[in-house]
Structures are given as C-alpha cells and as structure tokens.
Amino acid sequence: AHFPNIDRLLKKWNILNFEQFNLDPRLMVGIKKSGYDIATPIQEAAIPAALRGRDIIGTAQTGTGKTAAFVLPILNKLLSGPRNVARALIVTPTRELADQIHDVIRVLSAGTKLKSTTIYGGVGAAPQVHAMRNGAEILVACPGRLLDLIGQGHARMGNIEVLVLDEGDRMFDMGFLPDVK
C-alpha cells in the first residue's frame with residue numbers, strides 16, 4: 001500500500017524515519033535489513049547529536065534500539081577516511097554483550113565492507129589478533145583482554161576516533177573502573 005501523506009504526518013508528529021538522518025545511503029541496506037523504519041526516542045535523540053560529533057550519555061530500556069543509536073553514527077563516520085585500521089572502540093563489560101553489539105554492527109554495515117571484531121577473554125587470542133591485523137575498523141572489546149593485547153603490542157589505539165563505553169555503570173560495578181581509566 002502507498003500512503004502519500006505519511007511523510008507529512010510523521011513530520012507533524014515529530015516522528016523521524018531513518019532517511020531523515022541523512023546517513024550515508026549505503027547504510028540504508030543494513031537499516032532495512034534490520035527492520036528499522038521509524039526511529040525510537042533514544043535513536044531520535046542520539047543519532048543527530050552523534051552525527052554532529054557530540055559526546056552522548058544515553059539510557060533507555062532494553063529493546064529500544066540503543067545499540068543502533070550509537071552504531072549507525074559510527075558506521076557513517078567510518079565510511080569516509082582511512083580503512084583497514086581500528087578507528088572505533090566499543091568497550092563493554094561482558095562477552096555476551098560484545099557478541100550482541102558485533103551482530104548489530106554486521107547487520108547494519110551490510111554492503112559497506114567495514115569490518116568489526118570482538119575482543120574478549122575465555123577464548124584464544126589468535127583469531128582476535130588476526131582480525132585486527134586484517135584491518136578491523138571497529139573493535140568491540142571487554143577491558144581485560146583489550147589491555148592484554150595492548151600490552152603485547154597487538155592492539156594499537158593510536159587511530160581511535162570514536163569511543164563508546166557501553167553499560168559503563170555495569171563495568172564500574174564489576175570492578176573495571178581502573179581498567180577503563
């Protein structure tokens with residue numbers, strides 16, 4: 001069905017669809033693939049600010065699209081500039097959360113050729129080191145393993161342009177404050 005007045009109504013009600021964010025058109029493939037159509041309140045607030053390079057602190061309930069709210073501006077930024085070097089670091093408290101974020105990145109970056117990898121303990125480090133050497137632009141990491149790989153010279157942070165502390169309060173509650181500092 002076609003609804004010719006939908007854009008006028010969305011604007012009247014202050015509801016944003018993802019095309020109104022003026023993201024790189026290559027990201028629309030992943031946005032559509034993920035099933036996003038209308039932005040949630042956290043996305044409406046965070047995405048425009050992040051696209052302008054602002055620092056953001058956001059809270060919202062589970063299932064409201066928080067991850068997409070920070071991942072889409074990161075992907076948009078990384079589509080220009082150098083490739084095959086780590087430019088974005090997302091630090092998170094658990095490997096389960098790191099895997100969830102990585103999955104969202106994979107879907108939203110479909111067709112962009114941007115690469116992401118997870119870095120956490122409890123598994124062998126060799127595939128993580130290999131992914132970084134092969135040019136992962138986005139690192140989704142837990143603090144302990146990340147610090148180990150930095151200390152060993154495998155993870156280089158000199159080109160990081162974007163830092164996300166996801167569930168920072170939880171990381172601090174888990175005793176990661178010294179590692180995060």
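Please read all numbers here as calculations on a predicted model, not as lab measurements.
Using a 3.5 Å distance cut-off with no hydrogens or angles, the side chains of Thr118 and His102 do not pair a donor with an acceptor. For the 3.5 Å distance criterion, the side chains of Thr64 and Gln61 fail to qualify, holding no donor opposite an acceptor.
Residue Lys115 forms a side chain to side chain contact (heavy atoms under 4.5 Å, CB included) with just one option from Leu78, Asn84, Asn134, and that option is Asn84. Partner of Leu139 under the side chain to side chain contact (heavy atoms under 4.5 Å, CB included) criterion, chosen from Ile90, Val91, Leu89: Leu89. Tested against Phe70, the residues Val164, Ile47, Val162, Ile56 include a single side chain to side chain contact (heavy atoms under 4.5 Å, CB included) partner, Val164.
Between the side chain of Arg145 and the backbone N or O of Tyr120, at least one donor-acceptor pair lies under 3.5 Å. Within the 3.5 Å criterion, the main-chain N or O of Val107 finds no donor-acceptor partner in the side chain of Lys33.
We find the OG1-CD distance between Thr67 and Gln100 to be 7.5 Å, quoted to the nearest 0.5 Å. Atom CD1 of Ile119 sits about 8.5 Å away from atom CD1 of Ile150, to the nearest 0.5 Å. The CG atom of Asp148 lies 11.5 Å from the SG atom of Cys142; values are rounded to the nearest 0.5 Å.
The pair Glu19-Lys32 counts as a salt bridge, with a side-chain nitrogen and a carboxylate oxygen less than 4.0 angstrom apart. Under a 4.0 Å N-O distance rule, the pair Arg87/Glu161 qualifies as a salt bridge.
As a member of the Ile/Leu/Val/Met/Phe/Trp/Tyr network built from side-chain separations under 4.5 Å, Ile42 groups with nothing else and remains a singleton.
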